Asker: 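Starting off with a structure, shown below.
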Amino acid sequence: MQISIVIPVYNGAASIDALVTRLIDVLGTNALQIVLVNDGSPDKSDEICRSLYRRFSETITYVKLAKNFGEHNAVMAGLQHARGDYVVIMDDDFQNPPDEVVRLIEHACGHNYDIVYTFYRHKRHHWFRNLGSLLNDRVANFMLDKPRDLYLSSFKCLSRFTVDEILKYRGPFPYLDGLALRCTRNIGKLEVCHQPRREGRSNYTFRRLVRLWLNMFVNFSVMPLRLSTLMGLAFGAAGFLMGAWVFVEKMTFPDVPVGWPSVIVAIVLFSGVQLVMLGLLGEYLGRLFLSSNQTPQYVVREVLDGELESHLNAPHTAIALAGPANRGRTAHLR
């Protein structure tokens, strides 16, 4: 059984070397593939990843993206090059100990799960990141029909079946957990240790968190449109009742003046609701336009793959290849 570990790398120069070295020490090099995806990192991650590839060329596949596309897009690029029967996805910040990978794989294999999510008794993220995760979790319960006791962590294990199903998605706005939850409910969970961040700070800014939330909120559910319809009906009913109340009041007490504040409040309230609904429709239409315009999910600049090079007997160059038969090879665009 071959195991692949996909690690999106962004500003990970201070930790990625130690992380990969420790993973190889724990798991060995037999039937192990580590896919490093450089997501346009501005630091020295490229140099360090190349150095790691030279040291462990039979184990490491290095994928360099042309620019920063975001964590989930980078993971999709890594999954495209993962060959394992089980694929573990983890961050490059060393907050998930490499020793836990063994437990995660054993738990997935032992129970034949399609996905195993990890959860933490004590999270070591910044409070702002924890708040964003909490909001995302609550929305996912409603939007994605996620089991309420399931925490959507970035440290997880996927079976080959799940990976193949996820890779069928071709759109430019992937949300990995949404893709996984729509293809299976054979899901396990495992408590693991969560360590403090060794170097730097989280790459999830407020803007990135909002963009990730929108990917989940808009791309994988029509519930927002249904909510818009329900809100329109509710406010329409409220407006009708308000109108009836004003009519009855005027007929009962003809001398009572109808003040402009209530009119202004009603106008502002209903205008705000209409603008929110228009913005929501615009978000759906905009993403549909970008998808039909063939906006790439990611663009690969270069791939270093020791196993592929040994088969081709030549340095591998990034060439656009499509189709399931070429899943282990390089794809410029998806």
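Owing to the predicted nature of the structure, the values given are computational and were not obtained by experimental measurement.
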Asker: Would you sort out whether I34 and L27 count as a side chain to side chain contact (heavy atoms under 4.5 Å, CB included), showing the intermediate values?
Answerer: CA-CA 11 Å; I34 299 177; L27 298 170; over 6 Å; no
Asker: Is there side-chain contact between L104 and Y86, with heavy atoms separated by less than 4.5 Å?
Answerer: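 Side-chain contact under 4.5 Å: no.
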Asker: Given D17, which partner from the list K44, R50, R55, R22 fulfils the salt bridge (charged side-chain N to carboxylate O under 4.0 Å, His left out) test?
Answerer: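 For D17, the salt bridge (charged side-chain N to carboxylate O under 4.0 Å, His left out) check succeeds only for R55.
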Asker: Looking at S45 and G12, what are the two nearest heavy atoms and their distance?
Answerer: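 Heavy atoms only, the tightest pair is OG-N, 3.2 Å.
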Asker: Return yes when atom CG of D25 has more than 12 non-hydrogen atoms of other residues, nucleotides or ligands closer than 6.0 Å, and no otherwise.
Answerer: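 More than 12 heavy atoms, drawn from other residues, nucleotides or ligands, come within 6.0 Å of this atom.
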Asker: Using a 3.5 Å distance criterion without hydrogens, assess whether the side chain of S4 forms a donor-acceptor pair with backbone atoms of A82.
Answerer: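 Here the side-chain-to-backbone pair does not exist.
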Asker: With side chain to side chain contact (heavy atoms under 4.5 Å, CB included) as the test, would you mind laying out the steps for T61 and R83 before giving the verdict?
Answerer: CA-CA 10 Å; T61 298; R83 298 184 289 267; 4.1 Å; yes
Asker: Does the side chain of P98 reach to within under 4.5 Å of the side chain of L19, using non-hydrogen atoms?
Answerer: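 Heavy-atom side-chain distance check passes, below 4.5 Å.
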Asker: Ignoring hydrogens, what is the shortest heavy-atom contact between A18 and F94? Give both atom names and the distance.
Answerer: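 Closest approach of A18 to F94, heavy atoms only: C-CE1, 3.5 Å.
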Asker: Are any non-hydrogen side-chain atoms of S153 and Y120 less than 4.5 angstrom apart?
Answerer: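 They are in contact (side-chain heavy atoms under 4.5 Å apart), so the answer is yes.
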Asker: Measure the shortest side-chain to side-chain distance between K156 and L176 over non-hydrogen atoms and say whether it is less than 4.5 angstrom.
Answerer: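 Yes. Closest side-chain heavy atoms under 4.5 Å.
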Asker: Assess, by modelled atom type and distance only, whether the side chains of Y62 and D46 contain a donor and an acceptor separated by less than 3.5 Å.
Answerer: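 Looking only at side-chain atoms, D46 and Y62 do form a donor-acceptor pair, the distance falling under 3.5 Å.
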Asker: As a test of understanding, state which of D177, T118, D91, D93 forms a side-chain hydrogen bond (donor to acceptor under 3.5 Å, both in side chains) with S154.
Answerer: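 In the set D177, T118, D91, D93, the residue that makes a side-chain hydrogen bond (donor to acceptor under 3.5 Å, both in side chains) with S154 is D91.
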Asker: Just verifying a value: how many Å separate D85 CG and C109 SG, rounded to the nearest 0.5 Å?
Answerer: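 So the CG of D85 and the SG of C109 are separated by 8.5 Å.
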Asker: Answer with yes or no whether the side chains of T59 and Q33 bring together a donor and an acceptor at under 3.5 Å.
Answerer: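 The criterion, which ignores hydrogens and geometry beyond distance, is not satisfied for T59 and Q33.
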Asker: Looking at E106 and R103, does any basic side-chain N land under 4.0 Å from a carboxylate oxygen?
Answerer: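 Here E106 does not pair with R103 in a salt bridge, since their nearest N and O are not under 4.0 Å apart.
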Asker: Rounded to the nearest 0.5 Å, how far apart are CD1 of I187 and CG of D149?
Answerer: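 Separation between the atoms: 10.0 Å.
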Asker: Of all heavy-atom pairs between N73 and Q297, which one has the smallest distance, and what is that distance?
Answerer: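 N73 and Q297 have their closest heavy atoms at ND2-O, 2.7 Å.
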Asker: Nearest 0.5 angstrom please: I5 CD1 to I60 CD1, how far?
Answerer: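 Interatomic distance, I5 CD1 to I60 CD1, rounded to 0.5 Å: 10.5 Å.
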Asker: Quick one: CG on L79 to OG1 on T162, what's the gap to the nearest 0.5 Å?
Answerer: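 Reported to 0.5 Å precision, the distance equals 10.5 Å.
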Asker: What pair of heavy atoms forms the shortest contact from L65 to A77, and how long is it?
Answerer: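 So the two residues come closest at CD2-CB, 4.0 Å.
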Asker: Could you tell me which non-hydrogen atom of C193 sits nearest to which non-hydrogen atom of P97, and how far apart they are?
Answerer: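 Heavy-atom minimum between the residues: O-CD, 3.4 Å.
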Asker: Is there a path of hydrophobic side-chain contacts, each under 4.5 Å between heavy atoms of I, L, V, M, F, W or Y residues, that connects F161 with I166?
Answerer: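 Different clusters: F161 never reaches I166 through Ile, Leu, Val, Met, Phe, Trp or Tyr contacts under 4.5 Å.
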Asker: Would you mind reporting whether D114 and L158 have side-chain heavy atoms less than 4.5 Å apart?
Answerer: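 No; the side chains remain at least 4.5 Å from each other.
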Asker: Identify which one of F173, Y175, Y298 satisfies the ring-ring contact (aromatic ring centres under 6.0 Å, His included) criterion when paired with H72.
Answerer: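 It is Y175, the one option of F173, Y175, Y298 that forms the ring-ring contact (aromatic ring centres under 6.0 Å, His included) with H72.
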Asker: Is the H107 ring parallel, tilted or perpendicular to the H111 ring (thresholds 30°, 60°)?
Answerer: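 Ring orientation of H107 relative to H111: tilted.
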Asker: Please determine if D39 and K67 form a salt bridge, counting it only when a charged side-chain N lies under 4.0 Å from a carboxylate O.
Answerer: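 Judged by the 4.0 Å cut-off on N to carboxylate O distance, D39 and K67 do not form a salt bridge.
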Asker: What I'd like to find out is whether the side chain of Y151 reaches to under 4.5 Å of the side chain of E191, using heavy atoms alone.
Answerer: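 Contact flag for Y151/E191 side chains = no.
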Asker: Side chains of V63 and L36: closer than 4.5 Å at any heavy-atom pair?
Answerer: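 The answer is no; the side chains never approach within 4.5 Å.
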Asker: Of all heavy-atom pairs between V75 and P8, which one has the smallest distance, and what is that distance?
Answerer: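 Distance-wise, the nearest heavy atoms are CG2-CG, 3.9 Å.
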Asker: Do the side chain of N68 and the main chain of G40 share a donor and acceptor less than 3.5 angstrom apart?
Answerer: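 Side chain of N68 to backbone of G40, a donor-acceptor pair under 3.5 Å: no, none is there.
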Asker: State the CG-CG distance between L150 and L181, to the nearest 0.5 angstrom.
Answerer: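 Here the rounded value is 7.0 Å.
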Asker: In Å, rounded to the nearest 0.5 Å, how long is the span from CG of D92 to OG of S41?
Answerer: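 If I round to the nearest 0.5 Å, the distance is 8.0 Å.
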Asker: Where the side chain of N186 meets the backbone of N112, is there a donor-acceptor pair that is under 3.5 Å apart?
Answerer: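 Side chain of N186 to backbone of N112, a donor-acceptor pair under 3.5 Å: yes, one is there.
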Asker: So, do L152 and Y117 sit near enough that their side-chain heavy atoms are less than 4.5 Å apart?
Answerer: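 Side chain of L152 against side chain of Y117, heavy atoms only: contact under 4.5 Å found.
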Asker: Go through it in stages, so that I can follow the logic: the residues are V88 and F155, the test is side chain to side chain contact (heavy atoms under 4.5 Å, CB included), and I'd like the CA-CA distance, side-chain angles, deciding distance and then a yes or no.
Answerer: CA-CA 7 Å; V88 175; F155 182 37; 3.7 Å; yes
Asker: Could you walk me through whether V6 and H81 satisfy the side chain to side chain contact (heavy atoms under 4.5 Å, CB included) test, starting with their C-alpha distance in whole Å, then the side-chain angles of each, then the deciding distance to 0.1 Å, before giving a yes or no?
Answerer: CA-CA 9 Å; V6 174; H81 293 83; over 6 Å; no
